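Written below as structure tokens is the structure these notes are about.
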Amino acid sequence: MKDTKMIHIKNGDDLNVAAEILKKGGTVAFPTETVYGLGANALMEAAIDQIYVAKGRPSDNPLIVHLSSLEMMTPLVENVSEKAKKVMDVFWPGPITLILQSKGVVAPNVTAGLSTLGIRIPSHPIAKKLIELSGVPVAAPSANLSGKPSPTEGKHVVEDLTGRVDAIVIEEQSEHGLESTILDMTQEPPMLLRPGSVTREAIEAVIGSIEVDPALNKKMAADVQPKAPGMKYTHYSPDADLKIIQGPLEKVVTHIQTLVNNTKGKVGVMCCDETLKEYSAEVVLSLGKRSDLTEIASNLFKTLRKFDELGVDIVYCEGYDTLGMGQAIMNRLNKAAGYEIINL
Ligand code: AMP
Ligand code: MG
């Protein structure tokens, strides 16, 4: 057990303490604009090992390296294309990770043996400041135990990682609530490996058409391997059994209510503000307004955790259209549901 230092920004605790821990090879969880990250010095193999141990993360699942400036990127990667530069120019700092050719400078366990490296400059002021103060590239996956939904609030990190990491920097809720978009820039056309709040449509408006990893919205068969190794793990999942019902909204509502009526145990419904009043079930939680997918996305993971806190056995969830942010929302929902979806 580690003696985890809690650093509360609101109470005026010093971020330098966390930066010092990072620099010296410790592990620090911190807020970003996507979800909370669990960081370690990307140049130190032993530090990176501690991330995998703390999360119980499979060692074949590489980590994204977080930087506070473009200058920090130069020693780490090569063959950065004009298109990649355009994406950086428009979306960085922000919630998109680019896969680039690695120079092999980061510790080998950061990339899990791959010749490529995932890089991102976060826009969250605490994340940026922390990386800047530490002066090193910071590898940071989401700060949850492997298999749990990604943490969007400090209390989720405290729940999952107290005693397992050296420090937790606690601030407010993350802004986007979904992990970063991942775009592979080592191929032409570039390929979307994970949808996120920077949407396919927004990327294509900047660099023209991109491909989407065909493995993205399918349950992994042995013969289709996703290009982002982490995407093959289906369990982003809550403890409750999750089932998605997709189709015209009115039909979905009727079907879910019928399912609820015929299901034993503690039954939950995950809906939207527009349909909240139409359900009668033991636990009914809304993700927000369906007309605002950004709100739905930012509430997704904390709502999944909420169902678990309430000891719900099975959750029926409304589906979303896969345009814009809907693509990222349905990708996370599908993973959480183990691709159990009823199409009406
Ligand atoms: P997390 O930070 O927990 O959201 O996980 C990082 C995601 O990025 C995982 O799905 C990884 O498989 C993916 N990833 C990291 N580095 C690479 C890389 N070099 N190539 C492809 N995917 C990567
Ligand atoms: Mg993760």
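None of the values given here were measured: they were computed from a predicted structure. Whatever order the structure lists ligands and atoms in, that order sets their numbers, starting from 1.
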Numbering as shown, the atoms of ligand 1 that approach [X] to under 4.0 Å (heavy-atom distance):
{"X": "R194", "answer": "1 (P), 4 (O), 5 (O), 7 (C)"}
{"X": "I182", "answer": "7 (C), 8 (O), 13 (C)"}
{"X": "L114", "answer": "18 (C), 19 (N), 20 (N)"}

Region of [X] that comes within reach of ligand 1 [heavy atoms, distance under 4.0 Å]:
{"X": "T97", "answer": "neither"}
{"X": "M191", "answer": "neither"}
{"X": "T116", "answer": "both"}
{"X": "T111", "answer": "neither"}
{"X": "K227", "answer": "backbone"}

Checking side-chain hydrogen bond (donor to acceptor under 3.5 Å, both in side chains) for the pair E179/S150: CA distance, chi angles, key distance, verdict?
-> CA-CA 8 Å; E179 306 85 349; S150 292; 2.5 Å; yes
Do side-chain atoms of E295 reach the backbone of K289 as a donor and acceptor pair under 3.5 angstrom?
-> yes
Interatomic distance, M270 atom CE to Y316 atom OH [nearest 0.5 angstrom] = 13.5 Å
Short check: any N/O/S atom of S146 below 2.8 Å from the Mg ion (ligand 2)?
-> no
Do I296 and L300 belong together in a cluster built from hydrophobic side chains that touch within less than 4.5 Å?
-> yes
Sub-3.5 Å N/O-N/O distance, E179 and ligand 1 = no
Before signing off on this row, confirm whether K55 and ligand 1 have an N or O atom pair separated by under 3.5 Å.
-> no
Quick one: closest heavy-atom pair of P137 and L76, and the distance?
->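 Answer, listing the atom of P137 first, then L76: CB-CD1, 4.0 Å.
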If you look at every heavy atom in I51 and G39, which pair is closest and at what distance?
->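 So the minimum-distance heavy-atom pair works out to CD1-C, 4.0 Å.
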Check against side-chain hydrogen bond (donor to acceptor under 3.5 Å, both in side chains), Q50 and K55 = CA-CA 9 Å; Q50 290 185 53; K55 282 182 59 96; over 6 Å; no
Without hydrogens or angle criteria, can the side chains of T4 and R164 be said to hold a donor-acceptor pair below 3.5 Å?
->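 Side chains of T4 and R164: no pair found under 3.5 Å.
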